Participant: 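Attaching a single structure in structure tokens format; questions to follow.
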2 protein chains.
Amino acid sequence: MDFNSDVYIKRLARYYRRLVHLRQYGVLRVSSEELATHIKISPSQVRTDLSKLGVGQSGYGYRINNLIAELEKLLGVDKRNNMILVGVGKLGQALLTYNGFSKYSFNFMAAFDINPQLQGETFGMLLEPVKSIKELPYYLATHKVSIAALAVDPESVQSVVDILVAGGVKGIWNFAPRFPEVPDGVVIENVHIQESLLKLSFRLEESRVENNLTN
Amino acid sequence: MDFNSDVYIKRLARYYRRLVHLRQYGVLRVSSEELATHIKISPSQVRTDLSKLGVGQSGYGYRINNLIAELEKLLGVDKRNNMILVGVGKLGQALLTYNGFSKYSFNFMAAFDINPQLQGETFGMLLEPVKSIKELPYYLATHKVSIAALAVDPESVQSVVDILVAGGVKGIWNFAPRFPEVPDGVVIENVHIQESLLKLSFRLEESRVENNLTN
DNA sequence: TAGATTGTTAATCGATTAACAATC
DNA sequence: TAGATTGTTAATCGATTAACAATC
């Protein structure tokens with residue numbers, strides 16, 4: 001087991017979300033068995049993953065609060081995370097108005113777009129109106145930004161990434177269907193929604209074939 | 001190599017998108033080496049993945065058109081795919097107005113929401129205004145729907161899924177942070193955007209620790 | 001023919017599971 | 001103490017890579 005692999009990190013995030021959910025219902029402890037149900041992970045996998053956190057107690061399970069605390073440290077959710085958004089199209093607006101990030105400590109502080117029509121508008125929890133991309137370098141020089149979300153069109157991705165990197169941004173959350181180049185030390189997470197749809201379509205096709213259906 | 005695994009399907013989708021991109025620039029053939037660059041996949045992996053498609057030619061590479069044609073069959077993109085949307089919040093609206101799906105044969109035909117204020121409105125390419133969820137069973141009985149996108153709140157996911165399944169929908173593209181139960185034969189793809197953000201945050205945290213930075 | 005590049009497979013690498021001793 | 005459940009590790013399973021003979 002590699003405590004660095006993509007699959008492992010994905011599971012950590014999943015445990016965390018599940019635990020927060022369970023805590024809402026007043027649950028105080030879980031066994032690996034209980035935690036494993038509903039999240040498509042085996043109990044054995046849960047134990048292997050969580051063992052290094054040192055929170056488990058034989059014969060008892062895991063104290064939810066302790067487990068959450070450890071995971072929050074690992075996931076960097078134990079502190080405030082400032083985000084900015086570049087690209088305020090419909091997808092960008094959806095990100096700004098979605099309130100499912102702030103409960104995990106992530107908040108959009110500012111948003112940037114090239115379209116002058118959008119500049120000056122506000123969305124969601126945004127305290128300041130949308131700014132011009134020209135203001136981005138100055139903003140980065142004067143504010144601490146941990147993550148920049150990117151919802152610009154594919155052609156502009158690399159140039160925006162370059163501005164962000166030059167401005168010292170270390171975390172990039174990219175929604176455009178491209179894989180921009182980033183230097184070492186900059187972490188990029190690509191969310192490729194079209195690929196997700198194609199995956200679904202493949203499995204659908206495959207299951208149609210298995211069942212000899214023509215439609 | 002398992003020609004059914006999640007990682008393999010993900011790569012197929014990625015090859016396909018890349019090939020369509022290259023074709024736009026008039027490229028007629030690629031080698032595994034060329035196809036592999038820019039998409040974070042090794043040439044060796046490309047050859048293993050594509051070998052069963054029977055399109056490659058020794059000493060020459062792959063004819064882009066042939067490869068695309070084969071992948072389109074596998075991915076079910078060689079025909080029109082009717083989609084509907086349930087849940088027309090900001091995220092739903094972003095999906096409706098995003099025009100990156102239709103070029104891969106996916107089109108939203110109708111959208112449903114419980115909110116009466118939204119009913120009657122139109123978004124993006126939608127031909128008919130947003131309908132009440134009450135109309136969903138009748139719609140499903142009278143139209144062929146291959147994929148239903150779900151952007152409702154987490155509490156409603158399972159009940160909407162039940163309606164969809166009862167109506168014969170075989171493909172569900174779920175954007176709500178839950179894992180609804182579906183019977184065999186129904187394919188579900190979960191897009192968990194919060195987990196994606198948490199993954200990014202974890203790697204950022206990790207890289208901070210590696211570099212002994214406090215911020 | 002010479003050069004290029006595939007498809008194949010054995011070797012390697014990595015991830016998951018099963019089983020159970022240790023422990024609360 | 002008896003029962004429950006962890007953490008550990010060997011075994012298994014699956015995915016990736018490297019190397020090269022086959023082929024165009």
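So you know, we letter chains A, B, ... as the sequences are listed, proteins then strands, and number each from 1. This is a predicted model, so every value here is computed, not measured.
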Participant: If you compare every side-chain N and O of A:Gln57 against the phosphate oxygens of D:dT6 (OP1, OP2), does one of them come in below 4.0 Å?
Facilitator: no

Participant: Could you state the atom-to-atom distance from CZ of A:Arg47 to C1' of C:dA21 in whole Å?
Facilitator: 13 Å

Participant: Rounding to a whole Å, what distance do you find between A:Asn66:CG and D:dT6:C1'?
Facilitator: 15 Å

Participant: Please report the distance, rounded to the nearest Å, between CD1 in A:Ile41 and C1' in C:dT16.
Facilitator: 12 Å

Participant: Respond yes when some side-chain nitrogen or oxygen of A:Ser5 is under 4.0 Å from OP1 or OP2 of C:dA15, and no when none is.
Facilitator: yes

Participant: Could you tell me how far apart A:Leu67 (CG) and D:dT5 (C1') are, to the nearest whole angstrom?
Facilitator: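 Result: 14 Å.
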
Participant: Quick one: are B:Gln93 and A:Lys90 in side-chain contact, heavy atoms under 4.5 Å?
Facilitator: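 Side chain of B:Gln93 against side chain of A:Lys90, heavy atoms only: contact under 4.5 Å found.
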
Participant: Looking at A:Tyr62, I'd like to know whether one of its side-chain N or O atoms comes within less than 4.0 Å of OP1 or OP2 on C:dC24.
Facilitator: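 No, because none of the side-chain N or O atoms of A:Tyr62 sits under 4.0 Å from OP1 or OP2 of C:dC24.
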
Participant: Over how many whole Å does the gap from B:Tyr60 atom OH to C:dT6 atom P extend?
Facilitator: 11 Å

Participant: Between B:Phe175 and B:His192, is the ring centre distance below 6.0 Å?
Facilitator: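 No, ring centres 6.0 Å or more apart.
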
Participant: Is the distance from OP1 or OP2 of D:dT16 to the nearest side-chain N or O of B:Arg11 less than 4.0 Å?
Facilitator: yes

Participant: Counting heavy atoms from C-beta on, name the nucleotide in D:dT9, C:dT6, C:dC24 closest to the side chain of A:Thr48.
Facilitator: D:dT9

Participant: What do you reckon, are the aromatic ring centroids of A:Phe108 and A:Phe123 less than 6.0 Å apart?
Facilitator: no

Participant: Does a salt bridge link B:Arg11 with B:Asp49, judged by any charged N lying under 4.0 Å from a carboxylate O?
Facilitator: yes

Participant: Think A:Ser42 has a side-chain N or O under 4.0 angstrom from the OP1 or OP2 of C:dT17?
Facilitator: yes

Participant: For B:Tyr98 and B:Phe101, take the angle between the two ring planes, folded into 0 to 90°, and tell me which bin it lands in: parallel under 30, tilted 30 to 60, perpendicular over 60.
Facilitator: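 Perpendicular: the ring planes of B:Tyr98 and B:Phe101 meet at over 60°.
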
Participant: When the C1' atoms of the five terminal pairs at each end define the local axes, what inter-axis angle does the helix from C:dG3-D:dC24 to C:dC24-D:dG3 show, to 10 degrees?
Facilitator: 20°

Participant: Could you check whether any side-chain heavy atom of B:Asn81 comes within less than 4.5 Å of a side-chain heavy atom of A:Leu204, counting everything from C-beta outward?
Facilitator: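 B:Asn81 vs A:Leu204: side chains apart.
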
Participant: Can you find a side chain N or O atom of B:Arg29 that sits less than 4.0 Å from OP1 or OP2 on C:dT5?
Facilitator: yes

Participant: Between P on D:dA19 and CD on B:Gln45, what's the gap in Å once rounded to a whole number?
Facilitator: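 Whole-Å distance recorded here is 16 Å.
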
Participant: Expressed as a whole number of angstroms, how long is the span from A:Lys10:NZ to C:dA15:C1'?
Facilitator: 14 Å

Participant: Mind checking the CG-CD spacing from B:Leu150 to B:Gln158? Nearest 0.5 Å is all I need.
Facilitator: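 Reported value, rounded in 0.5 Å steps: 10.0 Å.
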
Participant: Kindly say if A:Ser32 contacts the phosphate of D:dT6, meaning a side-chain N or O under 4.0 Å from OP1 or OP2.
Facilitator: yes

Participant: Send over the distance from A:Asp6 CG to C:dC13 P, rounded to a whole Å.
Facilitator: 20 Å

